Protein chains: 2
Amino acid sequence: MSRPKQVTIVEVAAAAGVSIATVSNVLNRGGIRSSKETIRKVEMAAEQLGYRRNTMAAGLSRNKTFEIGLIVPGLTSYYGRLAEFLQLEAHHAGYHLSVFSSGGFDPTIERRNLEVLLQRRVDGLICHGLAMGKDSTRAIVNSGTPLVLINGWGWPEDIAVGAVNLGFAEACRQSTKLLADRGCDSLIYVGSKYSNVIDEQRRNGFHLGLGQLPEEIPHRIVEMKELDVDAFLREVMAGTAQRTGIIAFDDHVALKLLSAANRQRIDFPNHLQMISINNDYMAKHSYPGISSWDIPYELQAQMAIHKLLHKFGHSVEASEEREFEVPLTFIERETSGLTDTK
Amino acid sequence: MSRPKQVTIVEVAAAAGVSIATVSNVLNRGGIRSSKETIRKVEMAAEQLGYRRNTMAAGLSRNKTFEIGLIVPGLTSYYGRLAEFLQLEAHHAGYHLSVFSSGGFDPTIERRNLEVLLQRRVDGLICHGLAMGKDSTRAIVNSGTPLVLINGWGWPEDIAVGAVNLGFAEACRQSTKLLADRGCDSLIYVGSKYSNVIDEQRRNGFHLGLGQLPEEIPHRIVEMKELDVDAFLREVMAGTAQRTGIIAFDDHVALKLLSAANRQRIDFPNHLQMISINNDYMAKHSYPGISSWDIPYELQAQMAIHKLLHKFGHSVEASEEREFEVPLTFIERETSGLTDTK
DNA sequence: CTGTTAGCGCGTTCAC
DNA sequence: GTGAACGCGCTAACAG
């Protein structure tokens with residue numbers, strides 16, 4: 001059941017009384033310019049017939065699709081917003097972005113999406129981390145299609161032309177320092193192995209921060225998935241610490257902890273303090289408000305797209321560093337000692 | 001700067017010592033089957049040369065893309081998850097889904113996305129609501145590309161082949177009834193005009209529910225955007241009602257109200273009760289837990305994709321109703337009277 | 001079973 | 001400034 005045949009430039013040419021080459025010239029400006037009269041005729045004919053350019057034919061003929069493929073682990077929270085900004089940025093440059101989710105970090109879906117995108121002959125690829133191994137990726141991507149990584153650390157040059165990474169480690173390092181400054185005499189990082197590379201960055205920052213403290217502080221690292229939140233908090237509060245500081249993997253983790261703390265009537269920020277990452281809606285609108293690190297989505301999206309455009313030969317300025325680090329911004333709220341001014 | 005030429009079936013044919021038609025036959029099964037020997041030779045050649053099918057050429061030639069386009073207002077929360085499920089469902093049927101966000105309900109971006117998708121000659125379209133007017137849509141979509149609406153009420157047949165709608169009205173009707181049953185002697189719907197059609201459905205349900213109560217109850221409708229949440233709650237609690245029931249547009253709205261209530265130490269569920277819609281992460285993990293209506297993402301995605309497949313001629317069973325309504329499921333938590341059992 | 005051939009819709013030379 | 005002719009990579013009829 002093929003679609004009822006669409007209007008082509010042939011018919012537009014006939015209706016306008018010119019040749020197809022002329023129509024092509026008129027309809028994508030760039031080339032030779034035609035007489036005002038011809039232009040008008042062609043545009044009218046196209047309009048009336050409801051002509052719509054066939055991307056496939058165009059792409060096939062010029063060997064360029066003006067399409068960028070995006071593969072992210074999911075489409076919620078951070079990933080969703082990132083996708084929106086990337087799409088905006090791409091459009092801004094005359095490209096369009098096709099978004100694919102690899103359903104959690106499933107390598108099978110990921111490589112299927114990659115394959116689809118490469119078969120479409122996208123001009124460029126943006127991927128968030130990569131669940132597949134390096135060899136596997138290399139084997140697939142070696143088609144000359146430039147690939148930019150989002151939050152991918154230490155990938156070899158023959159795979160990715162660049163990476164735009166969020167400064168998670170630095171954020172965690174500073175959080176550690178800050179919580180200690182605020183008088184916490186015990187520190188805990190609550191991570192989420194769901195996203196391994198990212199969790200690792202945070203852990204690194206946590207350790208770095210601990211190492212830089214004037215004196216050693218008791219600390220632990222726990223995993224959210226293996227945690228009975230209520231029991232965990234009860235245990236923490238029963239400990240010897242006067243004031244415990246928690247660094248949460250992200251606002252989702254933080255909200256869970258916060259609710260359990262509320263249920264146990266734990267006093268923020270006197271007995272417990274918390275800082276998390278993402279500065280999601282729920283960090284801002286929970287009670288008490290969760291101190292969190294804000295993500296510069298627009299900047300990150302710009303960097304990523306520009307890296308690609310640069311590779312395409314568009315004269316845009318793009319950072320020369322292959323791995324560019326985007327800093328987060330701390331938004332302080334009540335869970336880390338900001339007084340509730342409301 | 002064209003991409004370094006890719007491997008084509010011509011080269012595979014040469015390497016395998018067969019004709020291009022044979023290669024084409026082997027590489028996409030469906031058609032005539034070839035001798036074991038030929039198949040092996042072709043597949044080996046393809047593998048070694050790193051052949052990757054060119055979707056554009058295939059689509060052009062067969063006038064069918066196996067691509068479905070999705071346009072949603074955004075990629076967070078409900079929309080993001082919906083997109084994920086749709087993608088899964090599409091893949092399941094041998095299609096792939098290209099996701100486009102129209103950045104809030106911007107009609108300009110929306111029509112640009114639509115245009116891009118139609119230029120790609122997608123086989124089908126799925127749109128969430130539609131910010132553009134009916135005439136505008138009709139003018140654009142009249143290309144024979146089937147369009148299925150998600151949460152679109154009352155669209156004419158010549159635009160959309162069908163719609164899969166969530167039962168927001170029914171959920172709100174029942175919520176109204178339920179809050180009254182729980183002893184609320186004052187009811188408020190807190191809406192969000194951000195998404196007009198959807199807000200309207202909820203309001204309708206609210207009114208319907210009010211009309212079916214044994215006796216009339218004081219009620220109001222307010223808009224979240226125009227609300228100073230703290231002042232609003234203070235005013236509500238200062239009123240004559242013994243127990244106020246709130247129906248929130250969604251969990252985002254609910255969380256905001258909940259935090260303000262917590263700040264004012266308002267007693268859930270004795271003085272205030274609340275029910276919202278979406279059953280997001282934050283509904284489950286806030287304190288107290290927010291009673292909310294759960295969305296059957298998978299079912300909704302299936303219905304939408306199947307409607308398209310049916311139109312494509314794939315023999316799948318699809319509901320005959322043009323507007324299919326998917327019911328929500330109530331998840332009761334502490335904000336509507338469920339005792340905190342923790 | 002396999003090879004030949006004619007398009008699919010558009011971009012791009014070249015001559016005119 | 002305009003038109004005819006060829007090629008992009010692949011599929012679909014036929015023919016052999």
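In what follows, every chain begins at residue 1, and chains take the letters A, B, ... in the order their sequences are listed. As a basis for the values below, the full set of heavy atoms in this structure was taken, side chains included, without hydrogen atoms, waters or symmetry mates. The shown structure was predicted, so the numbers you read here are calculated from the model rather than taken from an experiment.
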S.K.: Identify which nucleotide among dT2(C), dG1(D), dG9(C) has an atom closest to any side-chain atom of Ala57(A), counting heavy atoms from C-beta outward.
M.R.: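 Side chain of Ala57(A) sits closest to dG9(C).
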S.K.: Using whole Å, report how far CG of Leu60(B) lies from P of dG7(C).
M.R.: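 For the pair Leu60(B) CG and dG7(C) P, the rounded distance is 14 Å.
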S.K.: What integer distance in Å separates Ile9(A):CD1 from dG3(D):P?
M.R.: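 So the CD1-P distance, Ile9(A) to dG3(D), works out to 13 Å.
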S.K.: Ring centroids only, cut at 6.0 angstrom: are Phe312(B) and His306(B) within range, meaning strictly under it?
M.R.: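 So the answer is no for these two rings.
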S.K.: Tell me whether the count of non-hydrogen atoms from other residues, nucleotides or ligands lying under 6.0 Å of NE2 in His314(A) goes above 12.
M.R.: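 Yes, because the 6.0 Å sphere around NE2 of His314(A) holds more than 12 heavy atoms from other groups.
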S.K.: By the 4.0 Å heavy-atom rule, please label Val18(A) as base, sugar-phosphate, or nothing.
M.R.: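 Sugar-phosphate contact only.
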S.K.: Are the side chains of Glu115(B) and Arg52(A) in contact, using a 4.5 Å heavy-atom criterion?
M.R.: yes
S.K.: Are OP1 or OP2 of dT2(D) and a side-chain N or O of Ser19(A) less than 4.0 angstrom apart?
M.R.: no
S.K.: Ignoring the backbone of Asn54(B), work out which of dT4(C), dG9(D), dA5(D) is nearest its side chain.
M.R.: dG9(D)
S.K.: Going by the rule ring pair (Phe, Tyr, Trp, His ring centres under 6.0 Å), which residues pair with Phe66(B) if we only count those two or more places apart in sequence or in a different chain?
M.R.: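 In terms of ring pair (Phe, Tyr, Trp, His ring centres under 6.0 Å), with neighbours along the sequence ignored, Phe66(B) is linked to Tyr95(B).
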S.K.: Heavy atoms under 4.0 Å, any strand shown: does Ala58(A) hit a base, just sugar-phosphate, or nothing?
M.R.: sugar-phosphate
S.K.: Between Ser35(B) and Ser61(A), which is nearer to the 5' end of DNA chain C once each is assigned its nearest nucleotide?
M.R.: Ser35(B)
S.K.: Rounded to the nearest angstrom, tell me the gap between atom CG in Asn63(B) and atom C1' in dG9(C).
M.R.: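 My rounded result for the distance is 10 Å.
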S.K.: How many Å lie between CE on Met56(A) and P on dC8(C), as a whole number?
M.R.: 13 Å
S.K.: With no hydrogens and no angle check, just 3.5 Å: does a side-chain donor-acceptor pair link Asn113(B) and Ser102(B)?
M.R.: no
S.K.: Please report the distance, rounded to the nearest Å, between CZ in Arg53(A) and P in dG9(C).
M.R.: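 Computing the Arg53(A):CZ to dG9(C):P distance gives 15 Å.
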S.K.: Rounded off to whole Å, could you give me the CG-to-P distance for the Asn25(A) and dC14(C) pair?
M.R.: 15 Å
S.K.: Please check the phosphate of dT2(D) (OP1 and OP2 only) for any side-chain N or O of Thr22(A) closer than 4.0 Å.
M.R.: no
S.K.: What is the distance, rounded to the nearest whole Å, between atom CZ of Arg120(B) and atom P of dG9(C)?
M.R.: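 After rounding, the reported distance stands at 17 Å.
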S.K.: Looking only at the side chain of Thr38(B) (C-beta and beyond, no hydrogens), which of the listed nucleotides dT2(C), dC10(C), dT2(D) gets closest?
M.R.: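 That would be dT2(C).
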S.K.: May I have the distance from Arg52(B) (atom CZ) to dC10(D) (atom C1'), rounded to whole angstrom?
M.R.: 17 Å
